[in-house]
Amino acid sequence: MADPDRRRLLEWIVWLGAGLFGAIASVPLVGSVLDPVTRGRRGSRRGFVRVARLEALGVGEPRRVQVVSEAIDGWIRAPRRPLGAVWLLRKGGERVRAWSAVCPHLGCGIEPAADGGFTCPCHRSRFDGAGRRIDGPSPRGMDPLDVRVVRGEVLVRWARFRRGTSRRSEV
Amino acid sequence: MGVRSFLEDRTGLGRLVRGAVGEEIPGGARWAYVLGSALVAALAIQVLTGLGLMLTYSPGATTAWGSVYFIENRVALGWLLRGMHHHGAQAMVVVLGFHLLQVSLTGAYKRPREVNWWSGLCLLLLTQAFALTGYLLPWDQKGFWATQVATSILAVVAGDAARDLVVGGAELGTATVTRFYALHVAFLPAALVGLFALHLYLFRRHGVTPPPRADLSLRARFHPDQLLKDLAAGLAVLLIVAWLAVLSHGAPLDAPADPASEYPARPEWYFLWLFVLLEHIGGRSQTLGLTIPAAVILYLFALPLLDRGEDRGIRARAPWVGSVVAIALGVVALTVWGLVADARDEALQAARAVADQRARRAMALASSGIPPEGASELLRRDPETRGPELFAEHCSECHRLGGRGGEKASELHFFGSRRWILALVKDPAHPDFFGHTKHRGMEPQTELGESALYAVATFLESQGADGREVRDMTRIPAGERIFRESCMDCHLFGHEGRATGAADGPDLRGYGSEDWIRGQLVAPDDPARYGESHEMPSFAEQLGPEEIEILVQFVRRERRAGVSLHR
Ligand code: FES
């Protein structure tokens with residue numbers, strides 16, 4: 001039989017070969033595991049979407065509306081799918097403000113508070129009627145969205161924002 | 001104490017590994033022993049790629065095809081993943097065939113290895129179950145129809161209840177996909193692990209089966225002497241599978257399953273011999289076609305009980321070796337027969353071409369997203385695919401298109417274009433127009449003269465133009481004037497004109513436009529169209545609004561084709 005050194009070498013070659021097999025056979029698996037980070041993100045930013053009629057908004061009364069628009073979800077292209085919710089506040093005339101109903105802390109749904117402001121039920125972040133942070137764990141005020149009023153229709157541009165950071169940035 | 005010895009002391013894993021692979025091989029290491037390891041390699045490929053596929057695949061009749069399309073075309077290296085899983089399955093079947101052949105030809109199933117032989121045969125059947133269940137998962141035409149056939153056979157053999165149990169209901173559907181998926185990724189793998197462990201344990205217990213006249217004093221160690229050869233074989237399998245996957249750039253994906261379509265169902269090539277048995281030999285009773293494969297499997301199971309001599313030499317076992325060779329040749333012959341018969345079958349090839357065309361179309365449509373209602377809607381909503389189908393189904397009994405179809409009503413090739421209208425006004429009673437209909441009111445308008453007719457036809461063609469179409473403005477005003485002077489005795493034009501007496505022609509405002517064609521489809525008896533002399537049925541009830549729209553677009557395409565001829 002061969003000398004022990006040669007044997008050890010061959011044993012190592014076997015282990016290396018097995019590793020090589022595993023590495024090659026795992027290439028496509030690793031590819032699909034990493035796909036979400038390698039494919040590059042599509043931003044959440046959309047065009048303006050109709051969310052309400054102006055007349056339906058009472059001045060000074062916050063209204064929660066859904067943003068329904070075309071969505072691409074994996075291989076599915078859904079013509080109408082809810083993307084999220086928005087708080088609208090009509091200040092008078094055609095002046096309307098809009099905030100994402102997603103809490104900047106960890107993403108729960110923001111609700112109206114008794115004092116005319118807003119509150120998040122998850123960890124009790126509070127915001128005033130202009131969306132500014134009063135107290136609670138939220139690192140920043142509510143995230144404003146672009147609004148437009150065209151021929152009596154309120155349009156909002158939906159976006160998502162990074163959570164848990166004091167600086168506001170779209171994702 | 002070093003890390004290594006600490007771990008060894010606490011776990012004993014090193015000893016376990018050495019014990020597992022350190023045994024001696026009487027008669028030495030051989031290339032002949034690598035087939036089992038090659039199978040392990042193929043299995044490892046299937047596991048690793050299968051795990052990757054599970055990350056994206058979505059079982060369900062509305063989602064499966066889309067997710068497979070997504071894997072194939074969007075997921076990073078998804079095409080390689082699926083291609084290797086596809087070719088890995090074929091590699092498994094091929095190597096398994098050789099492994100079986102080798103063991104049976106060398107008599108390695110003999111005492112004391114009978115149980116190992118049986119566990120191997122069970123693994124073979126299990127592999128077939130993997131293949132059958134995996135084939136359906138993309139929920140494409142190929143998998144759908146092959147499964148339709150396979151489960152129908154099951155119903156014949158074991159009754160409707162057995163079929164329903166496998167299918168998850170009376171019809172193939174979402175419950176079938178989820179069941180097959182669960183079988184494919186959980187139940188069958190669990191069974192595989194158990195059987196495979198038994199197979200390996202028995203292999204270690206009895207060792208390799210050296211050739212009858214091997215020099216048993218020659219000794220080698222499994223690790224590394226045999227393992228090096230095994231590894232080389234495993235790497236070869238892997239590279240071949242990967243290479244095939246690169247060559248085919250993924251795996252085939254047929255059009256989404258559509259129970260209402262026609263499809264030339266064929267099983268995967270390794271089941272073709274069974275198909276041929278059923279189709280050509282079993283005849284109508286199917287009993288013979290099913291008995292033969294069952295007998296073959298039973299025979300293989302019984303082999304170690306029948307062939308009991310001590311001598312494993314080929315000559316001493318001539319009848320047994322002969323029988324196995326005969327079975328192998330039979331399977332090969334039937335497979336070749338099936339392939340040749342299919343290649344020569346022109347009807348089948350034509351149907352295959354249609355199916356391939358539909359598959360390509362579905363891919364093209366899917367690239368801009370799949371509707372939430374499922375991938376089968378891609379082709380159902382596609383005017384290019386559905387138009388001809390709907391026309392063939394509902395219109396061609398009476399209408400012709402390019403000379404093909406019924407004789408009762410007009411030819412619709414180029415309908416609404418100038419050339420079509422010109423031919424009509426010159427000879428309305430021609431079989432291409434009203435020749436075979438009740439509509440008799442219109443006379444040939446030849447006395448107007450060629451250039452006037454040309455102008456009228458140009459004017460009427462422009463009635464069907466949509467906003468984008470470039471119109472021949474040099475003739476239209478003249479055509480309109482002549483139309484108003486000569487045609488409006490019989491024809492309406494919107495609210496103008498008066499249809500008089502028996503000769504009431506249809507309203508020609510917007511003639512050939514989408515609205516006009518839609519109106520003709522849903523209300524052919526409208527007095528503004530053919531009124532009393534109409535013979536066409538209304539399709540308002542029979543067809544849904546989307547289908548009506550597809551037909552409208554289909555007929556409009558004929559007009560566009562005619563218009564583009566003279567532009
Ligand atoms: S998520 Fe809103 S306060 Fe934490």
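Atoms considered below: every heavy atom in the structure, side chains included; atoms not considered: hydrogens, waters and symmetry mates. Since the structure is predicted, the reported quantities are computational estimates derived from the model, not experimental observations.
Across Thr38(A), Ile24(A), Ile13(A), Val30(A), the residue that shares the most heavy-atom pairs under 4.5 angstrom with chain B is Ile24(A). Interface remark: of the candidates Gly83(B), Ala41(B), Gly52(B), Ser67(B), Ser67(B) forms the most heavy-atom pairs closer than 4.5 Å to chain A. Heavy-atom pairs under 4.5 Å with chain B were tallied for Val33(A), Asp73(A), Leu29(A); the largest tally goes to Leu29(A). The choice from Val21(B), Thr56(B), Leu80(B), Leu81(B) that makes the most heavy-atom pairs within less than 4.5 Å of chain A is Leu81(B). Ranked by heavy-atom pairs under 4.5 Å with chain A, the first of Ala44(B), Ser368(B), Pro371(B) is Ser368(B). The candidate from Ala25(A), Pro28(A), Gly17(A) with the greatest count of non-hydrogen atom pairs under 4.5 Å with chain B is Pro28(A).
Checking each of Tyr57(B), Tyr181(B), Trp65(B), Phe144(B) against Trp139(B) for a ring pair (Phe, Tyr, Trp, His ring centres under 6.0 Å) leaves exactly one that passes, namely Phe144(B). Applying ring pair (Phe, Tyr, Trp, His ring centres under 6.0 Å) to Trp99(A) and the options Phe118(A), Phe161(A), Phe127(A), Trp158(A) leaves one that passes, Phe118(A). The only member of Asp146(A), Val96(A), Leu88(A) that meets side chain to side chain contact (heavy atoms under 4.5 Å, CB included) when paired with Val156(A) is Leu88(A). The one candidate from Arg168(A), Arg163(A), Arg160(A) that meets the side chain to side chain donor-acceptor pair (under 3.5 Å) condition with Asp143(A) is Arg168(A).
Salt bridge absent: Asp225(B) and Arg221(B) never bring a charged side-chain N and a carboxylate O closer than 4.0 Å. Looking at Arg53(A) and Glu153(A), no side-chain N of the basic residue comes within less than 4.0 Å of a carboxylate O on the acidic one, giving no salt bridge. The existence of a salt bridge linking Asp258(B) and Arg358(B) is confirmed by a sub-4.0 Å separation between a basic side-chain nitrogen and an acidic carboxylate oxygen.
Only the side chain of Leu231(B) has a heavy atom closer than 4.5 Å to any heavy atom of chain A. At a 4.5 Å heavy-atom cutoff, the contact between Trp15(A) and chain B is made by side-chain atoms alone. Neither the backbone nor the side chain of Val237(B) comes within contact range of chain A, judged by heavy atoms closer than 4.5 Å. Interface residue Ser32(A): backbone and side-chain heavy atoms are both found under 4.5 Å from chain B. Heavy-atom distances place both the backbone and the side chain of Val27(A) under 4.5 Å from chain B. Residue contact with chain A, scored on non-hydrogen atoms closer than 4.5 Å, is absent for Ala245(B). The contact between Leu55(B) and chain A is made entirely by side chain atoms (from C-beta outward), counting heavy-atom distances below 4.5 Å.
Counting heavy atoms from C-beta outward, Ile71(B) and Leu53(B) have side chains that approach closer than 4.5 Å.
Both tests hold for Arg148(A) against Phe48(A): distance to the six-membered ring centre under 6.0 Å, angle to the ring axis within 45°.
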